[in-house]
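Here is how names work: the chains are called A, B, and so on, in the same order as the sequence lines, proteins then strands, and each is numbered from 1. All of these numbers come straight from a predicted model, not from anything done at the bench.
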Protein chains: 2
Amino acid sequence: MAKLQKSIDKRNALVKATIELVNNNGFHATPMSKIAKMANVSPATIYLYFENKQDLVNQTYINVKAAYTKYAFETYKATMPVEAGFELIWNRIADFKLNECENAMFLAQCDNTPIIDEASRQEGIKHLQPLLDLWARGKKEGIVKPMSDYLLYAYAINPLSFLMMSQKRGAFTLDKTHLEEAYQSAWNSIKVCK
Amino acid sequence: MAKLQKSIDKRNALVKATIELVNNNGFHATPMSKIAKMANVSPATIYLYFENKQDLVNQTYINVKAAYTKYAFETYKATMPVEAGFELIWNRIADFKLNECENAMFLAQCDNTPIIDEASRQEGIKHLQPLLDLWARGKKEGIVKPMSDYLLYAYAINPLSFLMMSQKRGAFTLDKTHLEEAYQSAWNSIKVCK
DNA sequence: TAAAAAAGAATGAACGTTCATTTTTGATAT
DNA sequence: ATATCAAAAATGAACGTTCATTCTTTTTTA
């Protein structure tokens with residue numbers, strides 16, 4: 001165990017350093033030498049864990065995306081009623097974006113730039129399926145608007161990314177009241193109006 | 001005129017090349033030499049128009065942001081009723097994001113990465129004032145929810161960025177019906193529910 | 001014809017990656 | 001327990017390339 005454990009620790013340290021440096025300086029100003037230094041490792045060691053810089057950032061992206069969706073669906077059961085299920089997932093995603101904002105910022109940066117390979121992007125998108133299934137159910141039951149999933153995501157989930165970025169920039173802070181308002185806006189924009 | 005005109009053309013070509021290359025390759029893979037080549041100019045010439053690479057990208061950002069807000073408010077009058085005014089501005093912004101998507105993509109990339117100086121970011125944000133004024137009026141009249149402008153922007157405007165990026169990636173295409181649904185979602189999420 | 005604009009070649013620094021060596025690890029023999 | 005040792009892991013220095021920027025010269029402008 002000792003050996004494998006050590007390897008995993010080192011890999012994790014490299015991934016963490018990548019996230020932190022890319023968040024603060026951008027991909028263009030994040031040399032391998034700095035990543036190595038922050039992870040307390042020699043530059044050459046990175047290449048024992050990753051093929052090259054592109055592979056490092058691709059794998060970091062997939063790691064973080066997996067953590068994001070794991071967190072989002074951790075307490076969700078597919079048997080829940082649609083509205084309750086959505087509220088649960090929405091709150092988990094809000095928690096993730098606002099508490100683990102290092103991770104969330106990294107995703108926002110990757111999702112709006114060409115720094116990630118298309119293949120890794122596809123890989124990352126897969127894990128969102130439970131939410132799409134929930135929406136399909138909601139549409140069938142006449143609770144959720146019969147819209148494209150892209151529209152639903154754009155209005156129900158994506159605004160949280162914008163709010164997270166604004167908060168991170170210090171422009172404003174999301175308190176509990178804001179969050180309740182945000183949820184109402186999210187639900188309002190996708191529910192069928194009776 | 002000839003001389004000044006030529007200078008403006010060259011500056012515009014440099015800005016345009018910057019946008020195109022940063023959109024397609026990312027800032028990290030956009031060397032000055034490529035920008036120069038695409039603008040049909042010597043690398044040294046860039047430094048007659050811009051201090052350095054950072055200045056070039058900052059000024060490009062400010063240029064595009066100004067074009068965005070100019071377009072958004074072109075036909076808007078502050079005397080319009082709140083709902084009509086919002087619908088007008090929303091549609092102009094949707095037009096911009098979906099038709100001038102090179103520009104919109106560049107903004108999305110800049111707004112989610114640290115490639116732009118904080119000062120230039122602040123400069124770019126200023127021009128949004130008319131929309132904030134409209135919302136202030138809407139709140140006073142009890143038409144718009146009394147929420148933070150960040151929340152309003154997150155739900156009413158920002159989803160268009162996500163939809164633009166999705167469309168650009170070829171994931172789906174926004175037709176006229178989608179756009180009407182999107183507008184309804186936007187308005188639903190910020191209007192006061194009677 | 002002098003000043004301004006532009007060019008291409010040159011420069012030095014920084015980068016991603018690899019190489020030659022050293023250190024660590026863990027199984028085996030004592 | 002301890003010593004041995006081959007394989008694996010890790011390292012710092014080195015390599016070749018690429019980059020942003022500058023320098024010197026040429027071309028354009030008015």
What donor-acceptor contacts under 3.5 angstrom involve side-chain atoms of residues 75-88 of chain A, with partners at least two apart or in another chain?
{"unit_1": "A:Tyr76", "atom_1": "OH", "unit_2": "A:Arg137", "atom_2": "NH2", "d": "3.3"}
{"unit_1": "A:Glu83", "atom_1": "OE2", "unit_2": "A:Trp187", "atom_2": "NE1", "d": "3.3"}

Which side-chain N or O atoms in residues 25-37 of chain A pair as donor and acceptor under 3.5 Å with protein atoms at least two apart or in another chain?
{"unit_1": "A:Thr30", "atom_1": "OG1", "unit_2": "A:Leu21", "atom_2": "O", "d": "3.3"}
{"unit_1": "A:Thr30", "atom_1": "OG1", "unit_2": "A:Gly26", "atom_2": "O", "d": "2.7"}

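A:Asp55 and A:Tyr49 are not linked by any side-chain donor-acceptor pair at a separation below 3.5 angstrom, with hydrogens and angles left out of the test. Side-chain N/O atoms of B:Gln122 and B:Glu118 include a donor and acceptor closer than 3.5 Å.
Remark: B:Arg92 fails to qualify as a cation-pi partner of B:Phe73 under the 6.0 Å distance and 45° angle criteria applied to the six-membered ring.
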Under 3.5 Å between N/O atoms: give me all the protein pairs with nucleotides 8-13 of chain C, atom names plus distance.
{"unit_1": "C:dG8", "atom_1": "N7", "unit_2": "B:Ser42", "atom_2": "OG", "d": "3.0"}

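To the nearest angstrom, C1' of C:dA6 lies 15 Å from CG of B:Asp9.
In terms of phosphate contacts, A:Tyr49 brings a side-chain nitrogen or oxygen within less than 4.0 Å of OP1 or OP2 of D:dA10.
One hydrophobic cluster, built from ILVMFWY side chains closer than 4.5 Å, holds both B:Phe172 and A:Ile157.
No side-chain heavy atom of B:Lys145 sits under 4.5 Å from any side-chain heavy atom of B:Ile190.
Less than 4.0 Å separates DNA chain D from no heavy atom of any residue of residues 17-35 of chain A. Of the residues in residues 51-59 of chain A, not one comes within less than 4.0 Å of DNA chain D through any heavy atom.
Between A:Trp135 atom CH2 and A:Met147 atom CE the span is 8.5 Å, to the nearest 0.5 Å.
Residues passing the ring-ring contact (aromatic ring centres under 6.0 Å, His included) test with A:Phe162 are B:Tyr153, sequence neighbours excluded.
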Point to revise | Check against salt bridge (charged side-chain N to carboxylate O under 4.0 Å, His left out), A:Arg169 and B:Asp111 | key: CA-CA 11 Å; A:Arg169 293 233 168 80; B:Asp111 286 334; 5.7 Å; no
